[in-house]
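All chains are named by letter (A, B, ...) in the order of the sequence lines, taking the proteins before the strands, and each is independently numbered beginning at 1.
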There are 2 protein chains.
Amino acid sequence: MKSSNNVRENILSTAADLFYKQGYNSTGINQIIDEADIARGSLYNHFKSKNELFYAYLEEINERWFEQLYSYIKKIKHPKDRILGLFDFRIKRQTQSSFGGCPFIKANAEVPQDDKKAFEIIDKNKMKFRDYILELLNDITLQNDLFTKEELADTIYMLAEGATVTASFQKSKEMIGRAKDIVDRLI
Amino acid sequence: MKSSNNVRENILSTAADLFYKQGYNSTGINQIIDEADIARGSLYNHFKSKNELFYAYLEEINERWFEQLYSYIKKIKHPKDRILGLFDFRIKRQTQSSFGGCPFIKANAEVPQDDKKAFEIIDKNKMKFRDYILELLNDITLQNDLFTKEELADTIYMLAEGATVTASFQKSKEMIGRAKDIVDRLI
DNA sequence: TAATAGATAGACAAATCTGTCTAAATTTTA
DNA sequence: TAAAATTTAGACAGATTTGTCTATCTATTA
């Protein structure tokens, strides 16, 4: 009934919502076409299988994630506050999703061990985040020489990931806040 | 055909293996009873549903995980080396499982948002790990006063979690090794 | 030895899953 | 306006899912 002029986008955004909230294996094709309000044939016209839709989902949220990140950090002027802002960004996203966790870590858990393509997309996202942290670090002057900037980038990256995954089962932003305070002392 | 004198243990260990390797939603009751080589009725005699089996699985691996951890750390004499040994322990487990990731983080990703019981068991495991790190820290003298021992426990915990989840999609122990080197400098 | 409890194989229900296909309606392009 | 491409609803196949139930067999216990 809906006259959507971009069926593909409709499918992708509906699938993204469901894959994130329910997980890949708990989301059926039937639910996707029902909620997107499109025909079964249309889905298979744009995506040759549920698995291909999953890859498209991963690529899609990867792009959206960095769009949101850059937009958020752009508003912050002071270089050191930008680093700390990374944690506020994670807190914001986790709060908005009721602590549903990082979508890439969630997806990672459902990927079969031999699906190299999926692991590559996830790795691409995470290493791009780590490299972005390094970029931000290059704009500040360190107070001590305990760590190189490369090491600090790894540290901040791992703290952010460890904190976010913890927030997802504690259903609380507490640990991300602690990670932020720790980083505040490190840089 | 198998004359197992403890059917429950057989079911639980078989389910544990499959839940970890394939994930909860990708593992069917049929596969569990086939591989455990027991009757369908026996499974439902010991566990009233697949979900109850999942809870039992979480409790089971929680106990086994700390058994293995304590056994591993016990062999290390020097207090600081015990902290660093935590990372070697994670490396060992990840290498042995072909980088299948932390079973609790994997399970966490498949838990529906309203399943409080599952999140509680996962949290119990992770916070017990964090508290154990604090215990180990209480046996050493810090080289600097940048962080309290509580803060260091959080830091080491998050580094370990962030590193392990990264190892699981990179299929490499590299990041856990980096986390270890960083902690070596922090304590 | 007899009674009880547990394990077995397997049928069965009812729902769900992914993917294919048809035929008609609609939209886009030429 | 006509042709081509896309979308639609829905049937369908074939496999799979969890959970229940029956009837037989085996092992333990009293």
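- Of all heavy-atom pairs between A/Gln22 and A/Thr27, the closest is OE1-OG1, 3.1 Å.
- With rounding to whole Å, A/Phe47 atom CZ is found 16 Å from C/dT18 atom C1'.
- A/Asp139 meets the side-chain hydrogen bond (donor to acceptor under 3.5 Å, both in side chains) test with no other residue; sequence neighbours excluded.
- Between A/Phe119 and B/Phe169, a ring centre-to-centre spacing not shorter than 6.0 Å is recorded.
- A sub-4.0 Å separation between OP1 or OP2 of C/dG6 and a side-chain N or O of B/Ser42 is absent.
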Would you mind building the protein contact string for nucleotides 16-21 of chain D? One character per nucleotide, 5' to 3', B for base within reach (heavy atoms under 4.0 Å), S for sugar-phosphate only, - for untouched. -BBBB-
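- Nucleotide D/dT6 holds its P atom 13 Å from the CD1 atom of A/Ile11, rounded to whole Å.
- Of all non-hydrogen atoms in B/Ile32 and B/Thr14, the two that sit nearest each other are O-CG2, 3.8 Å.
- Atom C1' of nucleotide C/dC17 and atom CG of A/Leu43 are separated by 14 Å, given to the nearest angstrom.
- Atom CG in A/Asp34 sits roughly 12 Å away from atom C1' in D/dG10 (whole-Å rounding).
- Taking only side-chain nitrogens and oxygens, A/His46 never comes nearer than 4.0 Å to OP1 or OP2 of D/dT6.
- C/dG6 atom C1' lies 15 Å from atom CG of B/Asn10, rounded to whole Å.
- If you take CG of B/Asn6 and P of D/dA27, they are 16 Å apart, rounded to a whole angstrom.
- The side-chain contact (heavy atoms from CB on, under 4.5 Å) test with A/Arg130 is passed by exactly one of A/Met158, A/Glu150, A/Glu161: A/Glu150.
- Atoms CD1 (A/Ile38) and P (C/dT27) sit 16 Å apart, rounded to a whole Å.
- Between B/Tyr57 and B/Tyr20, the distance separating the two ring centers is not shorter than 6.0 angstrom.
- Rounded to whole Å, atom P of C/dT28 lies 18 Å from atom CZ of A/Arg8.
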